[in-house]
Amino acid sequence: MSENSPQPPFPTRQSNRDTAITRAMQSVADAVPRAATDPQRPRYHFGPPANWMNDPNGTIYANGYYHLFYQHNPYGDVWGHMHWGHARSRDMIHWEHLPIALWPSHELGEEHVFSGCASITADGTPILIYTEVGLAKDGKQPPNEQWAALGDADWITWQKHPDNPVLDLKSHGGPDFEDDWRDPFIFHEAGRTFLVLGGNVDATSAIALYEATDGTLANWQYRNIIHATDRAAVRLSECPNFFAIENEAGGKDWVLLTSPHRPVDYEVGDFDLDTYTFKEATKGVLDAGHTPHVTNAHYYATNIIHAPDGRVILLGWIRGFPEGHGWNGCLALPRVLTIGPDRQPRQNPIAEVEQLRGRQITFLAQELPPTTTIVATALEASVEIITHLRIAAGHSMALYVRASNCSDPSLAITYDGTLLSIGETTIPFTLEAEEPLQLRFFIDRSAIELYVNDGRAAITLVQPMPTTLVDVEIDAQGGNVELLDFTAWELSQSWV
Ligand code: FRU
């Protein structure tokens, strides 16, 4: 807990659902006024009413709503006392906060409710499956178990499953995982239901595959390890997501996302249902955003939603905000994830984001002079900007955002033909001959997202930004930079 966090009224070894949730929600309500006064708090990125959030959990579309559950500490703005917060939305932009869904049942020996997924049983009951972290016994942490909770028809009130654990290391039928064995993620294929989990076995950090043996989703059979990484390289592959995306050729690309205590890794390849094996064709980093000495990944712990129109929506936690402001953590803008013919991912914000657009400012196409050109002044600080620039071979440019009437830039994006940088993150990025550079970025107080050339790269950044008016300028750094277009939109707040 940080010094500023209210102390939870522990110990609560006999808490039942209602008292645990009432107490937790009161603690969140008490922190709301403080969180609301922080000028750096994002205005259109989703966050809890107050206090801490990390991973998006149990993300699913059901009965006309997108449901978002999330790792939540109701008792402070740092990690701890893991509960599941809950919100729902019709458009993934405007969210309605709902009561806390899951709480640690101390009377059942539960210390934390870790990450997991949502599904619907064969009889139509909403189900959440998550990792239970037990209370230490005799100073020893029990191994993780996978537990479930059953919901009412509106997905609002949850009860722990009578058959918990639904999956444990004593009976799972697979190899001897060590104690960390967590973050179940459900997917469906060929009318069958599967679940993946991340865990450590022998010298590897592995992704294990299980299959539901009946429609209750409370009985699982071990199938195989579909992916393994040397533990010298990855401490634990957290939050695995494994799913198929239909490609333009009418086939399927299988995607594995893992959060390995650094930026999220992707692998794209083929899944063989007969042998339960995954063969990767391409791999890389999904969103390289990081700030050394603050966090090694600003975008982390992904999850997905299958939207009713067929889109695969990628969700991720933005992390690396300072403590002590009554809130910490938010959800990145939901992204449409597609796989290109090169079997590389493309990430683009959902079109629904455009509802936030307000006043629009454009700047005329032109060959930029060799020094700096101011392309927008006195913009409200919450903005979306799209610009295309043609940069002659061997030349470079820098785009700066600064508080109006302030000479020091708050944000710099630079490109030199091979390297693209924002903040302290630099990635290799090359363009075809004559291909313009497209920058699309969102500034929402201290949360910033950059998308490059139709989502071929995405970078998330956390850093303090001006909170009133900003100017944008482009430095052609000697010339040979053509501005093809520049549009900025002031964005309205969506939920605060
Ligand atoms: C990832 C993670 C998960 C875990 C959860 C706990 O950020 O460490 O592996 O379930 O957060 O809050």
Side-chain angles (χ1 to χ4, degrees), residues 1 5 8 24 47-48 51-59 68-86 100-104 110-118 128-135 141-149 165 167 177-186 195-200 205-208 227 229 231 234-242 256-265 286-287 289-290 294-304 314-321 323 328-332 460 462:
M1 306 287 291
S5 309
N51 285 335
W52 170 271
M53 81 165 266
N54 53 293
D55 318 356
N57 292 154
T59 51
L68 166 66
F69 301 85
Y70 53 89
Q71 289 285 282
H72 186 29
N73 179 5
Y75 295 108
D77 63 13
V78 293
W79 187 91
H81 312 295
M82 281 297 114
H83 291 57
W84 277 32
H86 186 195
I100 285 176
L102 293 183
W103 69 103
E110 201 176 19
E111 173 94 64
H112 295 289
V113 174
F114 267 21
S115 285
C117 54
L128 305 177
I129 303 185
Y130 66 92
T131 299
E132 181 258 12
V133 176
L135 291 159
Q141 185 72 48
N144 290 162
E145 294 180 346
Q146 314 313 321
W147 285 26
L167 190 56
F177 282 97
E178 291 170 22
D179 296 349
D180 283 328
W181 175 64
R182 63 182 191 233
D183 305 339
F185 174 91
I186 281 185
L195 173 158
V196 286
L197 278 171
N200 288 327
S205 181
I207 308 300
H227 187 265
T229 319
R231 273 187 81 184
V234 171
R235 194 167 99 220
L236 174 67
S237 290
E238 300 185 300
C239 301
N241 309 141
F242 189 58
L256 175 66
L257 305 178
T258 51
S259 292
H261 295 271
R262 52 174 166 72
V264 174
D265 280 337
L286 195 66
D287 179 324
H290 70 286
V294 175
T295 178
N296 58 11
H298 284 303
Y299 184 86
Y300 198 68
T302 52
N303 217 320
I304 65 151
L314 176 67
L315 302 167
W317 162 43
I318 303 188
R319 70 181 198 180
F321 297 96
E323 295 173 15
N328 202 320
C330 67
L331 187 76
T460 301
V462 170

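First listed ligand is number 1; within each ligand, the first listed atom is number 1. Here, residue 1 is the first one in the sequence, and each next residue gets the next number. In what follows, every heavy atom counts, from backbone to side chain, and hydrogens, waters and symmetry copies are set aside.
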TODO: Could you tell me whether R319 sits above the aromatic face of Y300, with NZ or CZ closer than 6.0 angstrom to the six-membered ring centre and within 45 degrees of the axis?
DONE: yes
TODO: Only counting residues at least two apart or in another chain, list the ones meeting side chain to side chain contact (heavy atoms under 4.5 Å, CB included) with A208.
DONE: F177, Y210, Y222, I225
Put together the list of close N/O pairs, under 3.5 Å, between ligand 1 and the protein, could you?
residue, atom, partner, partner atom, Å
ligand 1, 7 (O), D55, OD1, 2.8
ligand 1, 7 (O), D55, OD2, 3.4
ligand 1, 8 (O), E238, OE2, 2.6
ligand 1, 9 (O), R182, NE, 2.8
ligand 1, 9 (O), R182, NH2, 3.4
ligand 1, 9 (O), D183, OD2, 2.6
ligand 1, 9 (O), E238, OE2, 3.0
ligand 1, 10 (O), S115, N, 3.1
ligand 1, 10 (O), D183, OD1, 2.6
ligand 1, 11 (O), N54, ND2, 3.2
ligand 1, 11 (O), D55, OD2, 3.1
ligand 1, 12 (O), N54, ND2, 3.0
ligand 1, 12 (O), Q71, OE1, 2.7
ligand 1, 12 (O), W79, NE1, 2.9

TODO: Check V264 against S259 and note the closest heavy-atom contact, atom names and distance.
DONE: CG2-OG, 3.6 Å
Task: Validation row: F185, I207 side chains within 4.5 angstrom (heavy atoms) - done: no
Open item on the list: Taking the side chain as everything from C-beta on, heavy atoms only, tell me whether L286 gets closer than 4.5 Å to L314.
Closed with: yes
Task: D55 side chain to N57 backbone, donor-acceptor under 3.5 Å - done: no
